[in-house]
Amino acid sequence: MSVKCFTAVNSLISATPSYTPCGNLNSTSPILPCCGGVDTCVTGGLCFHQYSAVGESGYYAAGCTSSDVSDPACFPRCQGEKRPDVVWNTTAQIWHCCGTDSSGNPDCEAPTKETFAAPAPASLVAYFTITSGFVATSTSLVASSTSSAASSTSSSAPSTSATALPSSTAHSGLSSGAAAGIGIGSAVAAIIIVALVAHIILRSLRKRRRRVEAITISMEAPTRTHELEARKVESPMGLQEIGPGR
C-alpha cells in the first residue's frame with residue numbers, strides 16, 4: 001500500500017504528490033518525514049537538495065506521512081510560512097524559517113522570527129536518499145489488514161494468548177549485584193597476589209643480605225688471625241736488650 005505525504009503551507013494542510021516518504025513505514029516507524037523530488041532526508045526533520053535556487057539555503061523543513069502534521073513525529077516547523085525553506089544562524093546557533101520576497105520566492109537572507117532547534121549543518125546525517133521511481137509502502141498497514149482478515153475467518157476457533165516471560169527469566173547476562181561481587185572478588189584476589197609477591201621478594205632480599213654478611217665475616221677472620229701471628233713473631237725482636245759494651 002502506497003503512502004501519501006502531507007505538508008502545511010500558510011497553515012493549510014494538503015497532500016503533496018511531489019513529496020516522498022523517507023523510507024518504508026513499519027511498526028517501529030509508523031510516521032516518517034517526507035522530502036521532495038530526489039532530495040536527501042537528513043536528521044532533525046530536514047531535507048537537503050544540492051541544486052538550490054537563488055535565495056534558498058539548500059535545506060527545508062520536511063513534510064510528513066501523517067495528515068496530523070502537528071504530531072511531534074512530523075517535526076512541525078515553518079508551517080505558517082509561505083515556503084518551508086530554513087537557514088542556519090551561525091551567530092545564534094539556531095535554525096530560522098526563511099522569508100519570502102515580493103514574488104513569493106524564498107529569501108533566506110531575510111529569515112523570519114520563527115526559530116527551532118536542530119543539529120547544526122555539520123552535524124546533520126543523511127539517512128535516506130529518494131531515488132526516481134521509489135514508492136514507499138507501509139508494512140504495518142499490510143500486516144494489520146492481513147491479520148484482520150485472518151481473525152474474521154477464524155472467529156470460531158478458541159482464542160490463545162501468549163504470556164510474556166518475566167523480566168528476570170528473559171534477562172540475559174549477569175545481574176548488577178553479581179557483576180559487582182565478581183569485581184570486588186577480583187580486586188581482593190589481586191591485592192592478595194601483590195602482597196604474596198612482595199613478601200617473597202622481601203624474604204629473598206633478606207636471605208641474600210645474610211649470605212653477604214656471612215661471606216664478609218668469613219673473609220675478615222683469616223686477616224685478623226694473620227695480624228695476630230705477625231705481632232707474636234715481631235714482638236721478641238722488638239724487646240731484645242742491648243748488652244753492655246756493645
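FYI, the numbering just counts along the sequence from 1.
When the side chains of ILVMFWY residues are joined at heavy-atom separations under 4.5 Å, either directly or via intervening members, I130 and Y127 end up in a single hydrophobic cluster. W88 and L46 fall within the same hydrophobic cluster, defined by Ile, Leu, Val, Met, Phe, Trp and Tyr side-chain heavy atoms under 4.5 Å apart, directly or through other members. Under the 4.5 Å side-chain heavy-atom criterion for Ile, Leu, Val, Met, Phe, Trp and Tyr, F116 and F48 are members of the same hydrophobic cluster. V86 is connected to L124 through a chain of hydrophobic side-chain contacts under 4.5 Å among Ile, Leu, Val, Met, Phe, Trp and Tyr, so both are in one cluster. Hydrophobic clustering (ILVMFWY, side-chain heavy atoms < 4.5 Å, transitive): Y19 and L12 are in distinct clusters.
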* To do: Go through H96 and T112 one step at a time and tell me if the side chain to side chain contact (heavy atoms under 4.5 Å, CB included) criterion holds.
  => CA-CA 6 Å; H96 281 263; T112 66; 5.6 Å; no

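Rounding to the nearest 0.5 Å gives a distance of 8.0 Å between CG of N26 and OG of S138. Between R209 atom CZ and S204 atom OG the span is 11.5 Å, to the nearest 0.5 Å. The distance from the NZ atom of K113 to the SG atom of C97 is 13.5 Å, given to the nearest 0.5 Å. Rounding to the nearest 0.5 Å places CD of E56 at 5.0 Å from CG of D85. Rounded to the nearest 0.5 Å, atoms CG (D68) and CD1 (I13) are 7.0 Å apart. Note that OG of S57 is 6.5 Å distant from NE2 of H49, once rounded to the nearest 0.5 Å.
The two residues T20 and F134 make their nearest non-hydrogen contact at CG2-CD2, 3.5 Å. When all heavy atoms of G36 and Y60 are compared, the closest pair comes out as N-OH, 2.9 Å. Nearest heavy-atom pair across C78 and E114 is N-OE2, 2.9 Å. Pairing each heavy atom of N89 with each of T91, the nearest pair is OD1-N, 2.9 Å. Of all non-hydrogen atoms in A126 and T40, the two that sit nearest each other are CB-CG2, 3.5 Å.
The SG atoms of C41 and C47 lie 2.5 Å or more from each other. Not less than 2.5 angstrom separates the SG atom of C35 from that of C22. The SG atoms of C64 and C5 lie 2.5 Å or more from each other.
Residues P33 and F128 have side chains not in contact (no heavy-atom distance under 4.5 Å, counting atoms from C-beta outward). Side-chain contact between C74 and I31: present, with at least one pair of heavy atoms (C-beta onward) separated by less than 4.5 Å. Residues V69 and P76 are not in side-chain contact: their nearest non-hydrogen atoms beyond the backbone lie 4.5 Å or more apart. Side-chain atoms of C34 and T16, non-hydrogen and from C-beta on, never get closer than 4.5 Å to each other.
Panel note: side chain T43, backbone V125; a donor-acceptor pair is recorded below 3.5 Å. Judged purely by atom type and a 3.5 angstrom limit, W95 uses its side chain to pair as donor or acceptor with the backbone of P119.
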